[in-house]
Each structure stands twice: as C-alpha cells, then as structure tokens.
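Please read the structure below before turning to the comments.
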Amino acid sequence: MKFTAEQIAGILEGEVVGDPKAEVNQLSKIEEGKDGSLTFLSNPKYNNFIYTTEATITIVNKTFVPETEIKTTLIKVDDAYMSFSKLLEFYDQAKGNKSGIEQPSVISETAKYGENLYLGSFSYIGEKAVLGNNVKIYPNCFLGDNVVVGDNVTIFAGAKIYSETIIGSNCTIHSGAIIGADGFGFAPNPDGTYSKIPQIGNVIIEDNVDIGSCTTIDRATMGSTIIRKGVKLDNQIQIAHNVEIGENTVIAAQTGIAGSTKIGKNGLIGGQVGIAGHLTIGNNVRIQAQSGVGKNIKDNDILQGSPAFGYNDFSKSYVHFKNFPKIIAEIKELKKQILNQKNGKNG
C-alpha cells in the first residue's frame with residue numbers, strides 16, 4: 001500500500017516541503033530510514049539524522065528549519081510525534097482490516113453477528129453468542145455460549161473467552177488471554193482434601209479496554225468480575241474472581257490481584273505487584289513495581305515496598321538500608337567506646 005506526501009499531508013493537515021508526489025510504503029525510525037519509507041523528527045537530539053536519513057518523507061514540527069540541504073521531503077505539522085502516532089494508528093487499522101469467515105471454523109446456529117465479521121480458521125463461536133459490527137477474531141479462538149461482544153473488537157489468535165462473558169466496544173484482546181475461567185475457589189474438608197466451590201458468575205469488560213497476551217481474568221463465584229472502561233492491562237496479569245478494576249487504571253506485567261479486591265479509577269500499578277484479597281484500593285493510587293499490598297489504600301497514595309508503605313518513607317528508609325552494615329559497625333564502635341569509658345572510670 002503506497003501513499004504520497006500529498007495524501008499524508010491531507011490526513012495530517014500538514015504542509016509539504018519538497019516533492020508532493022513522493023511515495024512511501026513503509027514506516028521507519030529516522031536513523032534507519034531508507035528509500036520508500038516514512039519517518040518523523042520531534043526530538044532535537046535526533047536533528048543530525050535528518051541530514052543523512054534515506055527516508056523518502058519525514059514528518060517534522062512547523063518550527064523546524066534545516067541548517068543545510070536535505071534530501072527527504074518534509075511534511076510540517078503542529079506536533080510531529082502526535083501526527084506520526086496518528087499515522088501508526090491509521091496503518092494498524094488498514095493492516096488489520098480483514099473480513100470474511102475462514103474454514104474450517106464453527107458458528108453455532110443460534111449465534112448472531114453483525115456486519116464485517118472476520119473469523120479466522122479453527123475458531124469456534126458458541127450457542128447464543130452475540131457479536132457486534134466490525135469484530136475481528138483471529139484463528140484458533142474460542143468464544144463460549146452466551147458470550148456478548150460489542151462493536152470494533154479485535155480478539156487475536158488463541159484467546160479463549162468462556163461462557164457468559166460480556167465484552168464492550170472498541171476492546172483489544174491479545175493472543176493467549178483467557179477470560180472467564182473458574183475462580184480459585186476450594187473448601188477444605190476434615191480429611192485434608194478440598195471440594196471445589198462452583199463458580200457461577202461471569203466477567204464483564206467495559207468499552208475501550210486493552211488486555212495483554214496471556215493475561216487471565218477469572219469469572220466471579222457469584223455476580224461479576226468487572227473491568228471498567230478504559231482499563232489497560234499488560235501481558236501475564238492474573239485477576240481473580242470478583243475483582244473490580246476502576247476506569248482508566250493501568251496495570252503492568254506479572255501483577256496478581258487476589259479475589260474480591262476493588263481497585264479505584266485512574267490508578268497506575270507497576271510490574272510484579274501482588275495485591276491481597278478483599279481489599280479496597282482508592283482512586284489515583286500509584287503502586288511501584290514489586291510492591292506487596294496487604295491493606296486498604298486511600299485515594300492518591302503512592303506506595304512502594306513489600307509490605308508496601310508510603311513512597312517517600314520507603315525512599316528515605318532505603319537510603320539507610322543500603323548503609324545498614326556501616327551503621328551497625330558504627331553502633332558497635334560507639335558501644336565499645338562507651339564500655340571502655342565506663343571501665344576506665346570504674347578502674
């Protein structure tokens with residue numbers, strides 16, 4: 001797929017400086033640009049590359065003025081970084097604009113789907129499932145009975161969506177994600193064995209949610225596990241039964257959230273964080289990577305450590321922790337001096 005500088009400037013509402021008919025068919029970093037590629041320059045630290053890049057077209061800020069002659073055609077815009085991001089989104093949508101039902105695949109007779117469905121081969125759609133418009137389901141996916149999927153949802157290869165799961169519009173679910181598996185519920189018996197507690201709830205995912213590869217979201221024991229609108233989940237996250245995550249909260253990889261914990265909106269949770277069950281985490285909370293949270297957290301707190309405590313207190317304490325052997329040695333030396341003074345007086 002080729003685009004001219006003139007076409008790209010039209011999309012970005014920019015101004016062409018150079019050849020308006022220059023064509024590109026790929027994207028590149030400015031230092032790796034080659035003939036037929038489109039790149040951008042927004043950080044002044046990379047200014048020197050614009051004089052050597054082989055990229056055919058470069059998006060720059062309107063304020064950029066070349067100091068010497070350049071070969072690349074420029075498209076001047078208000079914000080080069082945001083404009084290039086817009087093109088990346090446009091390119092990604094064009095690349096993923098598949099439609100049609102590949103074979104072999106199975107759509108149950110009672111299932112319903114909207115316009116422009118793409119269903120990859122070896123995929124399965126269960127009884128009474130309902131899919132919206134522009135849904136893209138890549139090969140080897142499973143959608144169980146009574147699953148509801150909104151408009152403009154992409155489910156990448158190998159994802160598994162268990163029965164009764166509800167997914168809103170404009171969501172992306174990456175390969176290997178499993179949504180709606182049983183929560184981890186077992187009751188101990190007198191003889192030391194465990195009996196499984198039936199998990200009869202579901203998972204609700206609201207609009208504009210992104211779910212990373214191999215992330216798992218368990219169905220509720222009763223009621224719903226809920227991922228609110230705008231939530232962004234990284235790869236390899238475990239969300240247990242009856243958890244609720246507030247809107248626009250972002251969670252990094254390898255975080256685990258135990259059952260029935262409620263997390264507020266606009267949170268930022270770092271990688272490898274562990275959060276215990278039946279807790280309430282407030283709004284606008286920041287939890288640094290590898291922290292362990294075992295108590296309720298109020299709004300706007302910033303935490304670090306295991307067990308996690310106030311970020312500022314942690315930072316101050318860590319300075320002393322690094323010097324702990326030296327501090328102990330100094331204390332021992334002071335005790336020795338005090339003991340010697342006492343012995344000298346007693347003598």
Side-chain angles (χ1 to χ4, degrees), residues 89-90 92-183 198-233 237 239 241-248:
E89 184 178 354
F90 179 82
D92 192 51
Q93 289 174 352
K95 183 178 67 173
N97 191 25
K98 295 188 173 187
S99 62
I101 299 172
E102 298 176 355
Q103 296 299 332
S105 59
V106 175
I107 302 178
S108 301
E109 291 184 1
T110 55
K112 298 179 181 179
Y113 57 90
E115 298 177 354
N116 199 29
L117 170 69
Y118 168 65
L119 182 65
S121 55
F122 299 100
S123 291
Y124 175 90
I125 309 297
E127 297 286 345
K128 297 182 180 179
V130 179
L131 313 180
N133 298 321
N134 304 310
V135 172
K136 313 297 181 189
I137 301 172
Y138 283 75
N140 295 302
C141 287
F142 168 86
L143 278 69
D145 297 344
N146 303 305
V147 165
V148 176
V149 177
D151 297 337
N152 307 310
V153 171
T154 299
I155 302 173
F156 283 102
K160 306 294 185 288
I161 315 296
Y162 283 49
S163 64
E164 281 75 47
T165 296
I166 299 173
I167 300 171
S169 296
N170 306 308
C171 294
T172 300
I173 299 168
H174 285 279
S175 294
I178 298 178
I179 300 172
D182 281 356
Q199 307 291 293
I200 62 172
N202 74 336
V203 175
I204 297 175
I205 296 170
E206 295 186 345
D207 297 345
N208 303 308
V209 171
D210 283 66
I211 297 172
S213 296
C214 300
T215 282
T216 54
I217 304 173
D218 292 345
R219 72 194 306 116
T221 306
M222 292 185 290
S224 299
T225 302
I226 304 175
I227 312 299
R228 297 292 183 191
K229 64 181 180 180
V231 168
K232 309 300 179 187
L233 302 177
I237 290 171
I239 296 175
H241 56 88
N242 293 95
V243 166
E244 181 175 338
I245 299 178
E247 62 185 62
N248 299 321

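Below, all heavy atoms of this structure are taken into account, side chains as well, without hydrogens, waters or symmetry copies.
A distance of 13.5 Å separates CD1 of I137 from NZ of K98, quoted to the nearest 0.5 Å. The distance from atom NE2 of H241 to atom CD1 of I239, rounded to the nearest 0.5 Å, is 13.0 Å. One finds the CD atom of E115 at 5.0 Å from the CG atom of N133 (value rounded to the nearest 0.5 Å). Once rounded to the nearest 0.5 Å, the distance linking CG of N208 with OG of S169 reads 8.0 Å. Rounding to the nearest 0.5 Å gives a distance of 11.5 Å between CZ of R219 and CD1 of I179. Interatomic distance, N152 CG to K136 NZ, rounded to the nearest 0.5 Å: 8.5 Å.
For C141 against G158, the heavy-atom pair with the smallest separation is SG-N, 3.7 Å. The two atoms that bring N140 and S123 nearest to each other are N-OG, 3.3 Å, heavy atoms only. A pairwise comparison of heavy atoms in V153 and G150 identifies CG2-O, 3.5 Å as the closest pair.
T225 has its side chain out of reach of I204: every pair of non-hydrogen atoms, C-beta onward, lies at least 4.5 Å apart. Taking the side chain as every heavy atom from C-beta outward, Y162 and V203 never approach each other to under 4.5 Å. Looking at heavy atoms from C-beta onward, Y118 lies out of side-chain contact with T154 at the 4.5 angstrom threshold. With contacts defined as side-chain heavy-atom distances shorter than 4.5 Å, the pair S163/E127 does not qualify. A heavy-atom distance below 4.5 Å is not found between the side chains of I245 and R228. Residues I205 and C171 have side chains in contact (heavy-atom distance under 4.5 Å, counting atoms from C-beta outward). Residues I107 and I101 are in side-chain contact: their nearest non-hydrogen atoms beyond the backbone lie under 4.5 Å apart. Looking at I217 and I227, their side chains come closer than 4.5 Å, going by heavy atoms from C-beta outward.
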- Message: With side-chain contact (heavy atoms from CB on, under 4.5 Å) as the criterion, how do V106 and I125 come out once you've worked through the C-alpha distance, each side chain's angles and the decisive distance to 0.1 Å?
- Response: CA-CA 6 Å; V106 175; I125 309 297; over 6 Å; no
- Item | Test side-chain contact (heavy atoms from CB on, under 4.5 Å) applied to I167 and I161, step by step | CA-CA 10 Å; I167 300 171; I161 315 296; 4.0 Å; yes
- Item | Verdict with supporting geometry, I211 and T172, side-chain contact (heavy atoms from CB on, under 4.5 Å) | CA-CA 6 Å; I211 297 172; T172 300; over 6 Å; no
- Item | Evaluation steps, side-chain contact (heavy atoms from CB on, under 4.5 Å), between N242 and T221 | CA-CA 7 Å; N242 293 95; T221 306; 3.7 Å; yes
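Every residue two or more places apart in sequence or in another chain that forms a salt bridge (Lys or Arg N to Asp or Glu O under 4.0 Å) with K232 is listed here: D210. The side chain to side chain donor-acceptor pair (under 3.5 Å) search around S105 returns none, not counting sequence neighbours. Residues meeting the salt bridge (Lys or Arg N to Asp or Glu O under 4.0 Å) test with E247, sequence neighbours left out: none. Judged as a side chain to side chain donor-acceptor pair (under 3.5 Å), and not counting sequence neighbours, D151 has no contacts. Residues that satisfy the side chain to side chain donor-acceptor pair (under 3.5 Å) test with S175, not counting sequence neighbours, are absent from this structure. The side chain to side chain donor-acceptor pair (under 3.5 Å) test applied to D182 returns K196, not counting sequence neighbours.
Defined by atom type and a distance below 3.5 Å, a donor-acceptor pair is missing between the side-chain atoms of D207 and N170. With hydrogens and angles left out, the side-chain atoms of E164 and N146 include a donor and acceptor closer than 3.5 Å. Donor-acceptor pairing under 3.5 Å is recorded for the side chains of N202 and S224.
A donor-acceptor pair under 3.5 Å is absent between the side-chain atoms of K128 and the main chain of G126, judged by distance alone. S99 places no side-chain N or O within 3.5 Å of a backbone atom of N116 that could act as its donor or acceptor partner. With hydrogens and angles disregarded, no donor-acceptor distance shorter than 3.5 Å links the side chain of T215 to the backbone of I178. Under a 3.5 Å cut-off, the side chain of E102 and the backbone N or O of G120 do not form any donor-acceptor pair.
Taking the six-membered ring for Trp and thresholds of 30 and 60 degrees, Y124 and F142 have nearly parallel ring planes, at less than 30 degrees apart.
Annotation: Q103, atom CD; neighbour count of heavy atoms from other residues, nucleotides and ligands within 6.0 Å is above 12.
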